[in-house]
Amino acid sequence: MSRIAFLGLGNMGMPMAINLAKAGHEVIGFDIVPAARDAFEAHGNSAATIGEAVARAEFVVTMLPAGKHVREVYDVVLKQAKPSALLIDCSTIDVATAREVADMAAAEGFTMLDAPVSGGVGGAAAGTLTFMVGGPAPAFERAKPILEAMGKTIVHCGFVGAGQAAKICNNMILGISMIAVSEAFALADRLGLDHQKLFDVASKSSGQCWSLTNYCPAPGPVPNSPANRDWQPGFAAALMLKDLRLSQEAALASGAATKLGAEATNFYAELVQSGFGGKDFSYAYRFLADLDGNGE
Ligand code: NAD
């Protein structure tokens, strides 16, 4: 069993750290919010500073909001951790920052993996997250048993930053496909076509996709989709906007043509600006139906 510092005990980090502790690891948690540190005390030890948390840790896991927080925290980690510690950043951040931070770590003699996740808060609690990992193969092998205590599917995507690249490419597909399915249901409403009938046809035809069959944005056809609980998240529209913006930064930096990715980013920005950032991202359907003057 290993000694693991876990930095960032938020919606995702708290259940992930708890699963590590349940697997028998010695987990020392830290968050800038004292209440989060106190809450973790029921499951492991909490530390009052980052330095205290990482001092004797063999692994340092971070689960922070964005790239700037990761950079801030790493400024301290790289000064205070043991150089033999393996650094694993599970936050969703931009590819450029992930590579920069890994270079900073390497300059101080550390190895770092980027290991963002999909599966949301439910997956974090159930220990069924998917990890997309970038970094050297030996470090991946060393991290795998730790990641397996928090997730079900662990994929080595390649070089440092490849985990973040996989995450934003996947979520760009998801953002675009959710809008496509939502537009189809909003059009069906206008044409007087029943939700269930469109679902019965499209789910067995070439329009089939995850956004339709697992997460239908219109109420009715998929009983456990957020559409049936007033679009409570799930995966909030504001988080989808964050990931789409990361995809567009990466597209700009690499010269990739992502026209629908750009449209999807603008669409979710409008949805968030209209006050629906806290709704599930499948609120796209309700938003489109309302814009048409055809809301429910
Ligand atoms: P969150 O805001 O709930 O948690 C982040 C935590 O980091 C907070 O508790 C905050 O106090 C802490 N923090 C901020 N700055 C810190 C610092 N300098 N030192 C220590 N702690 C600090 O966010 P979350 O929902 O847990 O998401 C974390 C990451 O996971 C994000 O990058 C997000 O994009 C990604 N993610 C979230 C979901 C989801 O459904 N929530 C799904 C997949 C990926």
Side-chain angles (χ1 to χ4, degrees), residues 5-20 27-40 46-54 57 60-81 87-95 97-98 101 114-133 147 150-153 163-172 174-175 215 226 231-247 249-250 268 272 277-282:
F6 202 108
L7 315 178
L9 300 167
N11 292 325
M12 295 291 288
M14 181 68 83
M16 290 166 71
I18 291 172
N19 280 333
L20 285 173
V27 185
I28 303 103
F30 174 79
D31 195 288
I32 39 167
V33 175
R37 301 201 292 267
D38 293 346
F40 186 66
S46 73
T49 63
I50 293 176
E52 195 187 312
V54 303
V60 177
V61 182
T62 38
M63 192 51 164
L64 300 162
K68 67 174 185 177
H69 307 95
V70 173
R71 212 181 263 126
E72 254 170 51
V73 167
Y74 266 63
D75 276 343
V76 184
V77 170
L78 298 181
K79 288 191 185 83
Q80 311 261 346
L87 313 181
I88 306 172
D89 180 37
C90 298
S91 327
T92 302
I93 65 172
D94 58 290
V95 176
T97 301
V101 176
D114 55 303
V117 304
S118 71
V121 175
T128 55
L129 293 170
T130 295
F131 283 88
M132 298 150 250
V133 189
L147 301 180
M150 302 182 282
K152 201 168 71 175
T153 307
Q164 299 294 353
K167 167 84 185 173
I168 57 172
C169 288
N170 178 72
N171 279 21
M172 190 175 77
L174 179 61
Y215 215 86
W231 294 273
Q232 290 310 306
F235 184 48
L239 288 177
M240 174 51 86
L241 177 60
K242 174 195 165 185
D243 290 358
L244 285 168
R245 283 189 168 141
L246 291 177
S247 77
E249 281 170 25
Y268 277 103
V272 170
K279 288 284 189 189
D280 187 79
F281 80 114
S282 60

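First listed ligand is number 1; within each ligand, the first listed atom is number 1. Just so it is clear, the model here is predicted, and its values are computed rather than measured.
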When you measure from atom 4 (O) of ligand 1 to each heavy atom in A66, G10, C90, which option holds the nearest one?
->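 Residue with the shortest heavy-atom distance to the ligand atom: G10.
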Identify which of D243, V73, L239, V121 has a heavy atom lying nearest to atom 17 (C) of ligand 1.
->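 The option holding the nearest heavy atom is V73.
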Nitrogen or oxygen of [X] less than 3.5 angstrom from that of ligand 1:
X	answer
D31	yes
M12	yes
L64	yes
K167	no

To which protein heavy atom is [atom] closest, and what is the distance rounded to 0.1 Å?
atom	result
atom 3 (O) of ligand 1	N11 N, 2.9 Å
atom 35 (C) of ligand 1	T92 OG1, 3.6 Å
atom 40 (O) of ligand 1	G120 CA, 3.6 Å
atom 30 (O) of ligand 1	M63 CE, 3.1 Å

Just how far is it from atom OG1 of T62 to atom CG of L87, taken to the nearest 0.5 Å?
->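 Going from OG1 on T62 over to CG on L87, the span is 8.0 Å.
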Do the side chains of F235 and D280 get nearer than 4.5 Å, heavy atoms only?
->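 Sidechains of F235 and D280: in contact.
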Sub-4.0 Å atoms of ligand 1 with respect to non-hydrogen atoms of K242 |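 With K242 as reference, the close atoms of ligand 1 come out as 31 (C), 32 (O), 33 (C), 34 (O).
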Below 4.0 angstrom from a heavy atom of E72, which ligand 1 atoms are there? Numbered from 1 as shown, please.
->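 Those of ligand 1 that fall under 4.0 Å from E72 are 18 (N).
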Answer yes or no: is there a donor N or O on one side and an acceptor on the other, between the side chain of D31 and the main chain of A36, under 3.5 Å?
->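 No, because the side chain of D31 does not come within donor-acceptor range (under 3.5 Å) of the backbone of A36.
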Just by distance, do the side chain of K242 and the backbone of T92 share a donor-acceptor pair under 3.5 Å?
->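 A pair under 3.5 Å: yes.
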Under a heavy-atom criterion of less than 4.0 Å, does M14 contact ligand 1?
->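 Outside the 4.0 Å threshold, so no.
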Answer with yes or no whether P65 contacts ligand 1, where contact means a heavy atom under 4.0 Å from a ligand atom.
->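 The answer is yes: ligand 1 sits under 4.0 Å from a heavy atom of P65.
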Minimum heavy-atom distance between V77 and V60, given as atom pair plus value |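 Taking V77 first and V60 second, the nearest heavy atoms are CG1-CG1, 4.2 Å.
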